[in-house]
Amino acid sequence: MTKDSASKNASAQARLLIRERGLERSIELDGSAIAIGRSRENQIEIDDISSSRRHCRLFFADNIWSVEDLQSRNGTLVNGILIRRQELNPGDCIEIGKTRIFFERIPTSQLATGVGGETLLLPTDYFMEPLTDVSDASQVDLLQKEREIFLRLLEITKRLCSTLVLADLLGMILDTVIEISNAERGFIILENEGELSIECSRNIDKETVKKAEVKVSRSITRQVMESGRPVLTGDAQHDPRTRTFASVTDLKLESVLCVPLRLRGRSLGVVYVDNRFEAAAFHRSHLRFIEFLADQATVFIENARLFEENTRKQDALQRSKEEVEQLNRELQEMLMAGNLHPEKITEVITRAGERSFKYDYDRIITKNSKMYQIFQILDRVIETDIPVLVQGESGTGKELIADAIHFQGPRKDGGFVSQNCAAIPPNLLESEFFGHVRGAFTGAVRDKKGLFELADKGTLFLDEIGDMSLDLQTKLLRVLEEGEIRPVGGRDSKFVDVRILSATNRPLQEMVQSGEFREDLYYRLNVINVTLPPLRERREDVPLLVDAFMTRISGRLKREKPTLDSRTLYYLYHYDWPGNVRQLENEVERMVALSSDIVTPDLLSPALVTGSAGTSGRSRRDAKVGRGKLKEIVTEAAEEVERQVLSSTLAENDWNKSQTARQLGISRPTLDQKIDKYGLKKPEKPDAGRKNG
């Protein structure tokens with residue numbers, strides 16, 4: 001064995017202390033990947049009901065041990081924080097349900113030392129370094145001092161819990177770091193939209209450092225950010241690993257200690273302290289305590305940033321709400337005055353202030369405050385792999401939300417596979433989802449990849465998830481828990497990495513209570529819930545949508561966009577649109593196709609104007625336009641349209657109430673209430689005698 005390989009194997013050696021069901025066992029690691037879970041196929045099998053069959057794995061790379069969650073059902077925690085992948089330091093606690101696994105590095109005979117007796121990009125085995133060349137009394141004093149520092153850190157952590165003002169929080173953290181390390185200066189540097197920004201600075205007198213942006217080594221800071229590992233050097237100007245940095249020479253740095261602020265596997269920033277006059281000013285004990293504080297502080301920093309961001313967003317939402325209320329008042333005044341010119345109405349709506357979002361939602365045409373709230377939620381979840389459940393009535397644009405999440409997220413280079421669960425025959429569902437091998441069943445003449453395999457490294461969008469059978473729900477849950485599929489007729493399993501987005505217009509929570517939908521699958525899919533408002537709750541968007549659809553359809557038909565008659569816009573604006581945006585688009589296409597230069601009310605579908613054929617509904621409604629109070633006119637007209645839509649839809653479905661409710665996107669109890677409200681009755685079928693007579 002060569003010296004290098006021996007050194008590598010030595011550095012790879014580590015130990016796990018496993019505590020489960022009141023028992024302890026120890027397992028030594030030698031650098032191989034280790035799988036942990038409930039199945040006997042794992043190298044480490046644990047008996048915990050909260051563990052998935054393949055729960056997580058430990059692996060060694062670049063002289064670092066890391067843990068990776070294998071898309072487990074209940075997640076993997078490190079030191080109380082849910083992780084996807086996380087580097088391990090000695091003393092870290094991996095939690096799987098009630099099982100605790102403690103990670104330790106086995107001491108090596110030598111530590112790699114740098115100039116000044118300290119190490120750059122330290123290995124983590126310094127925790128296990130024994131005390132040498134000190135008397136028993138000195139060792140007791142040292143341990144007592146470290147105990148006092150540790151208790152102080154615990155006290156600081158408690159204080160951090162009660163602080164949500166970011167500036168105060170950072171000042172408290174930095175004051176503690178400087179006090180522990182006795183540093184000359186300290187800085188907290190955070191990343192904001194890819195740029196490093198010094199958010200807090202202190203000197204040893206607790207005063208703000210003047211011109212702080214030119215007082216730190218950006219090269220060291222960026223190195224720590226990118227590697228996620230601390231830098232500790234006692235002679236930065238001569239250390240071969242830092243002396244090439246121009247900032248180190250320009251600033252005449254001697255000692256530097258820089259620790260990453262990491263959360264869920266990514267660096268938010270660094271804590272940076274230095275000393276320009278004293279070599280080897282910082283020691284491994286300083287690093288150990290500052291790392292402990294940084295691990296705790298990162299959570300509070302992120303919470304404070306989120307709190308301030310949410311506060312700004314709430315203020316913006318309040319302004320948006322006030323603008324929308326003012327917009328609706330202006331629209332009502334225009335309608336009351338008979339000033340129904342479509343161009344003026346569109347101009348009023350377009351004046352509503354634009355909102356600034358992290359991602360692009362231009363395909364979703366809206367000025368509605370509820371939709372803006374949804375965009376703010378999407379801003380936070382697009383960059384993650386968290387499952388999202390999109391709910392809303394049919395035609396509200398659920399697939400547009402899925403498109404925005406996938407094509408702007410980290411999986412945009414992977415496949416986007418969309419499937420309507422209601423459109424697959426029940427006997428083919430399993431084959432469609434998981435694929436099949438040749439000869440698995442009659443007609444399987446060749447191997448076929450399923451939806452999960454096609455969406456590997458990408459996104460699978462499951463529309464109408466509520467129409468999935470219970471049997472397939474069980475198999476889908478297993479895939480989500482274990483990350484592996486088995487094609488129909490196949491013997492071997494395949495691992496897939498897929499983000500799940502789902503949508504439904506059915507009340508899944510009610511279906512869970514009635515036993516029609518698995519509760520565990522519901523909570524697995526419903527990590528983030530987005531509920532789209534129906535078009536009748538965002539009427540201010542109707543003129544914008546009509547204008548956009550008319551422009552698009554006219555361009556496709558290669559003709560001039562017609563002018564919208566003011567009375568036509570009135571009917572479009574006040575209709576309830578049970579089919580939502582999809583129905584509106586179909587109606588606009590009809591209008592444009594039938595019109596010449598002007599879209600007049602007679603080109604609208606009868607339901608929008610008359611409510612039903614052969615009645616005087618149109619004349620009654622026309623007579624009411626511009627007479628009486630606007631609220632009363634709109635209410636009566638809307639109720640008349642709703643009554644007629646309910647009546648005609650029930651007739652189409654032969655009074656099958658469940659089918660009618662699904663078609664209209666409402667619940668069965670709501671349908672029953674509306675039937676009673678409007679006094680609708682199922683027509684009696686004539687008996688055979690009368691029919692023949």
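Every heavy atom of this structure was used, including side-chain atoms; hydrogens, water molecules and symmetry mates were not. It should be emphasised that the depicted structure is a prediction, and the values quoted were computed from it without experimental measurement.
Here the options are Cys258, Pro230, Ser267, the test is side chain to side chain contact (heavy atoms under 4.5 Å, CB included), and the partner is Val224; only Cys258 passes.
Classification of Glu191 and Arg222 as a salt-bridged pair holds, one side-chain N sitting under 4.0 Å from a carboxylate O. Salt-bridge annotation for Glu482 and Arg54: absent, with no side-chain N of the basic residue lying under 4.0 Å from a carboxylate O of the acidic one. Checked for salt-bridge contact, Asp456 and Lys494 miss the test: no charged N lies under 4.0 Å from a carboxylate O. The existence of a salt bridge linking Asp47 and Arg21 is confirmed by a sub-4.0 Å separation between a basic side-chain nitrogen and an acidic carboxylate oxygen. Salt bridge absent: Asp520 and Arg524 never bring a charged side-chain N and a carboxylate O closer than 4.0 Å. By the 4.0 Å N-to-carboxylate-O rule, Glu383 lies close enough to Lys358 to be salt-bridged with it. Ion pairing between a basic and an acidic side chain is recognised when a charged N comes within 4.0 Å of a carboxylate O; Glu95 and Arg100 show such pairing. A salt bridge is defined here as a Lys NZ or Arg NE, NH1 or NH2 lying under 4.0 Å from an Asp or Glu carboxylate O, and Arg84 with Glu68 fails to meet this definition.
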Inset, instruction - Dump the intermediate steps for side-chain contact (heavy atoms from CB on, under 4.5 Å) on Phe434 and Lys449, then the final yes or no. - result: CA-CA 7 Å; Phe434 310 126; Lys449 292 183 178 181; over 6 Å; no

Inset, instruction - Show the numbers, then the answer: is there a side-chain contact (heavy atoms from CB on, under 4.5 Å) between Leu29 and Phe60? - result: CA-CA 9 Å; Leu29 310 177; Phe60 186 78; over 6 Å; no

Inset, instruction - Would you sort out whether Leu58 and Trp65 count as a side-chain contact (heavy atoms from CB on, under 4.5 Å), showing the intermediate values? - result: CA-CA 7 Å; Leu58 273 65; Trp65 277 99; 4.1 Å; yes

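Residues Asp385 and Arg499 approach most closely at C-NE, 3.6 Å, considering heavy atoms. What you find for Ala294 and Pro260 is that their closest heavy atoms are CB-O, 4.0 Å. Between Leu477 and Arg518, the shortest heavy-atom contact is CD2-NH2, 3.6 Å.
Under the 4.5 Å side-chain criterion, counting only non-hydrogen atoms from C-beta, Leu16 is not in contact with Phe102.
A donor-acceptor pair is defined here as one N or O able to donate and one able to accept, closer than 3.5 Å; no such pair exists between the side chain of Thr384 and the backbone of Arg380. Not one N or O on the side chain of Ser51 forms a donor-acceptor pair closer than 3.5 Å with the backbone of Asp48. In this structure, the side chain of Asp92 does not engage the main chain of Val78 through any donor-acceptor pair within 3.5 Å. Put simply, the side chain of Asn526 never gets that close to the backbone of Tyr523: no donor and acceptor are under 3.5 Å apart. Side-chain N or O atoms of Arg38 include none that pairs as donor or acceptor with a backbone N or O of Ile49 at under 3.5 Å. At least one donor-acceptor pair under 3.5 Å links the side chain of Asp379 to the backbone N or O of Tyr359. In terms of modelled atom types and a separation under 3.5 Å, the side chain of Gln391 and the main chain of Ala503 share no donor-acceptor contact. In this structure a side-chain-to-backbone donor-acceptor pair under 3.5 Å is present from Arg506 to Gly466.
Relative ring orientation between Phe357 and Phe375 is described as perpendicular, the plane-to-plane angle rising above 60° on a 0-90° scale split at 30° and 60°. Between His283 and His286, the ring planes are tilted. Angles from 30° to 60° get that label.
Checked by atom type, the side-chain pair Asn74/Ser72 shows no donor-acceptor distance below 3.5 Å. With 3.5 Å as the limit, one finds a donor-acceptor pair spanning the side chains of Glu199 and Asn192.
Taking the ring axis of Phe59 as reference, the NZ or CZ atom of Arg57 stays within 45° of it and closer than 6.0 Å to the ring centre.
The local environment of CZ in Arg40 is sparse, with at most 12 non-hydrogen atoms from other residues, nucleotides or ligands closer than 6.0 Å. Taking a 6.0 Å sphere around CD of Glu24, one finds it holds more than 12 heavy atoms contributed by other residues, nucleotides or ligands. Applying the 6.0 Å contact sphere to CD of Gln43 captures more than 12 heavy atoms from other residues, nucleotides or ligands.
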